[in-house]
> 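Sharing a structure below in structure tokens format, with a few things to ask.
To find a chain, count down the sequence lines: A is the first, B the second, and so on, and within it residues start at 1.
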Amino acid sequence: MEHKKEDFSEWYNEVVESAGLVDKRYPVKGMHIWRPYGWKIMHNIDTYFREIFTDYSHEEVNFPLLVPETEFKKEAEHIRGFEDEVFWVTHGGLDELDIKLLLRPTSETAMYPMFSLWIRSHADLPLKIFQIVNVFRYETKQTRTFIRMREVHFFEAHTAHRTYEEAEKQIKEDIEIWKKIAKKLALPYKIVKKAEWDKFPGAIYSLGVETIMPSGRTLQIATFHQYGQNFSKPYDIKYLKEDGEHEYVHQTTFGMSERLLGAIVGIHGDDRGLIIPPEIAPIQVVIVPIVTKKKKEVLEESKKIRDELKKSGIKVHLDDRDNYTPGYKFYDWELRGVPLRLELGPRDMEKGQVVLVRRDSREKISVSREEYIGKIKTVLSDIQDNLYNRAKEKMEQKIVNVESLDEINNVEGVAAVPWCGSEECGHEIEDRTERKIIGSPIEEGDVKKCVICGKETGKVAFVAKPY
RNA sequence: GGGGCCGUGGGGUAGCUUGGUCCAUCCUUCCGGCUUUGGGAGCCGGAAACCCCGGUUCAAAUCCGGGCGGCCCCA
């Protein structure tokens, strides 16, 4: 295993494959195979999405992958934002298509023609739907597992509302949902408002959820967009108000992707491999029996333990492979990031105990057979909290307040600098630091002087190198 | 967008500069067998590779051209 600190990029590339998440050998750039273990983790994340969005009155749908060129071209800014990175389907068999089809880079242009048919009156609103599908973008830059792909496992929620204020409320609700997701995935984050020139193509404004990877680069792991009526007008999505007048709806979206898994890998992993937060781990406890001459007894006891744990709702796996030694298994499961290991050997059998080993701290805990289930539950929840807290602490250290341009390049992470908010000053900050403004915190702080023009401002720019 | 590096069994590599010593090295993996098991066990036997197309040459993993693919750094 590469050393994470010395060469994060190499470490990351190696661990995603060796831990059994993906197989990168598929012969198309930016597309990989999800292997069973990786797919299970992603699936667990998706399952949680389904759960929580359903709790917040969203319904799951599934739209076609192909979008006709004619629908795609209805919103001018949206086209400009995506046209250079869409995959086109130009032929059916040997015949050229009259109307070309594109692979969705995101689903606005697939969904909104249907919204126009679905929404008739105020009673149809709000409309809240989501889907979990793959989207395609023709990335020309270098691709990276989970982080920059040409085929992306994508979550998108779309809502339509009567008024701008109702759409604003939706975004507040989205942030509430996000906070729960962040806890579930143990991911620390900052929410920022995107600069005017960096918002989603077609949006009035965009909020980004940013986290910081160990390399110091920032990673956008979720977005919320306020569309206002920018899409409802070209797509003719109108509703009949109580007073009999027609009005265009106000729309929002909430997007996330497999980047979340990239963040989990990068932020929690170590030189031994992955560390999967217990809440989304396919295997929360792995039992490694130490079988010697007392083979039978230890194995039988292990099975009993497995069944007990399963009954109490813990995701457990018994590693009864007899062609590997315990040492090999320890390394193997650590690589895969199983949060808790349970060892049972002849010595433990005599004492009526089991040994627990935490993946996050490697702490060994001996616990009696009477108390072990309760203890496991406590420890799993403690690991979840510990992962979140220590990641949060590390991330906060990477955000540094600075008040001059020169200081920015000494920051390994995010430099928070006073900025008047103008596009001219913004671009100058980016050009002179060779970094990007990834956005600004929503709440303004103390009044300081813009690092470029010196104007007084409470606004801050987060300046960093994004992925 | 610019620059650099690279492509050899399933994975990681040696060989390439200076063509022949290569029916290709080592580690790992996989298969069969015996023996083992509290932090990557051992022995025996076996399987498995020069990215593609073209060129130079008596001779190409090695040199040249093109293609495809991958990686890294910078903007």
> Base, sugar-phosphate, or nothing for R435(A), non-hydrogen atoms under 4.0 angstrom?
nothing

> By the 4.0 Å heavy-atom rule, please label V355(A) as base, sugar-phosphate, or nothing.
base

> To the nearest Å, give me how far apart CD (E10(A)) and P (rG12(B)) are.
11 Å

> Going from OG1 on T70(A) to CD1 on I99(A), what distance comes out if it is rounded to the nearest 0.5 angstrom?
4.5 Å

> Would you mind pulling out the nucleotide paired to rA60(B), Watson-Crick or G-U wobble, both distances under 3.5 Å?
none

> Using atom C1' of each nucleotide, how far apart are rG11(B) and rG67(B) to the nearest Å?
26 Å

> Taking atom C1' of rC73(B) as reference, at what distance in whole Å does atom CZ of R144(A) sit?
11 Å

> How many Å lie between CZ on R217(A) and P on rC73(B), as a whole number?
7 Å

> How long is the gap from CD1 on I438(A) to NZ on K194(A), to the nearest 0.5 Å?
6.0 Å

> Take atom P in rG7(B) and the same atom in rC16(B), then report the distance between them in whole Å.
12 Å

> When we call it a touch if two heavy atoms are under 4.0 Å apart, what does K329(A) touch: a base, just sugar-phosphate, or nothing?
nothing

> Look at all strands and tell whether D348(A) reaches a base, only sugar-phosphate, or nothing, counting heavy atoms closer than 4.0 Å.
base

> Of S9(A) and E343(A), whose closest RNA chain B nucleotide lies nearer the 5' terminus?
E343(A)

> In plain terms, say whether E334(A) and R341(A) are close enough for a salt bridge, that is, a side-chain N and a carboxylate O under 4.0 Å apart.
yes

> Treating E10(A) as the side-chain partner and D7(A) as the backbone partner, does any N or O pair qualify as donor plus acceptor under 3.5 Å?
no

> How is E334(A) classified with respect to the nucleic acid when contacts are heavy atoms under 4.0 Å: base, sugar-phosphate, or nothing?
base

> Apply the test ring pair (Phe, Tyr, Trp, His ring centres under 6.0 Å) to residues H78(A) and F200(A): give CA-CA distance (whole Å), side-chain angles for both, the deciding distance (0.1 Å), then the verdict.
CA-CA 8 Å; H78(A) 189 72; F200(A) 183 82; 5.6 Å; yes

> What integer distance in Å separates F8(A):CZ from rC71(B):P?
15 Å

> Roughly, in whole Å, what's the span from CE in M349(A) to C1' in rG38(B)?
14 Å

> Between rU57(B) and rU62(B), how far apart are the two P atoms, rounded to whole Å?
16 Å

> Which base sits across from rG9(B) as a Watson-Crick or G-U pair, both distances under 3.5 Å?
none

> Taking only nitrogen or oxygen atoms into account, show me every contact under 3.5 Å that the protein makes with nucleotides 30-34 of chain B, one pair per line with its distance.
{"unit_1": "rC30(B)", "atom_1": "OP1", "unit_2": "Y324(A)", "atom_2": "OH", "d": "3.3"}

> Under 4.0 Å between a side-chain nitrogen and a carboxylate oxygen: does that hold for E443(A) and K459(A)?
no

> Measuring from I275(A):CD1 to D270(A):CG, what's the distance to the nearest 0.5 Å?
4.5 Å

> Do you know the tightest heavy-atom contact between S302(A) and I287(A)?
O-CD1, 3.8 Å

> Can you tell me, in whole Å, how much space there is between the P of rA61(B) and that of rC68(B)?
24 Å

> L342(A) CG to rG39(B) C1': how many Å, rounded?
16 Å

> Atom CG in L185(A), atom CD1 in I221(A): separation rounded to 0.5 Å?
8.0 Å

> Is the phosphate of rG40(B), meaning OP1 or OP2, less than 4.0 Å from a side-chain N or O of T325(A)?
no

> Which base sits across from rG38(B) as a Watson-Crick or G-U pair, both distances under 3.5 Å?
none

> Using both distances under 3.5 Å as the test, list the Watson-Crick or G-U wobble partner of rC71(B), or none.
rG4(B)

> Rounded to whole angstrom units, what separation is found between the NZ atom of K364(A) and the P atom of rG39(B)?
7 Å

> How long is the line joining CD of E14(A) and C1' of rG12(B), in whole Å?
9 Å

> Please round to the nearest 0.5 Å and tell me the distance separating atom CD of E308(A) and atom NZ of K311(A).
7.5 Å

> Could you tell me which residues satisfy side chain to side chain contact (heavy atoms under 4.5 Å, CB included) with T145(A), sequence neighbours excluded, listed by chain and number?
Y12(A), V16(A), V22(A), K24(A), H32(A)

> When you look at OH of Y26(A), are more than 12 heavy atoms from neighbouring residues, nucleotides or ligands closer to it than 6.0 Å?
no

> For the P atoms, the ones on rG45(B) and on rC5(B), what distance do you get once it is rounded to whole angstrom?
44 Å

> Would Y331(A) pass as stacked on rG40(B), i.e. its ring centre under 5.5 Å from the base's six-membered ring centre and planes under 30° apart?
yes

> In terms of side-chain heavy atoms of N13(A), which of rG39(B), rC71(B), rG38(B) is nearest?
rC71(B)

> Nearest nucleotide by nearest heavy atom, which residue falls closer to the 5' end of RNA chain B, T140(A) or G30(A)?
T140(A)

> Pick the C1' atom in rC27(B) and in rA48(B), then give their distance to the nearest Å.
15 Å

> Taking the C1' atom of each, how far is rC64(B) from rC23(B), in whole Å?
27 Å

> Which pairs, protein N/O on one side and nucleotides 3-10 of chain B N/O on the other, fall under 3.5 Å?
{"unit_1": "rG10(B)", "atom_1": "O3'", "unit_2": "R25(A)", "atom_2": "NH1", "d": "2.9"}
{"unit_1": "rG10(B)", "atom_1": "O2'", "unit_2": "R25(A)", "atom_2": "NH1", "d": "2.7"}

> Just name whichever nucleotide pairs with rG45(B), Watson-Crick or G-U, keeping both distances under 3.5 Å, else none.
rC31(B)

> Sticking with atom C1', work out how far rU28(B) lies from rA41(B), rounded to a whole angstrom.
15 Å

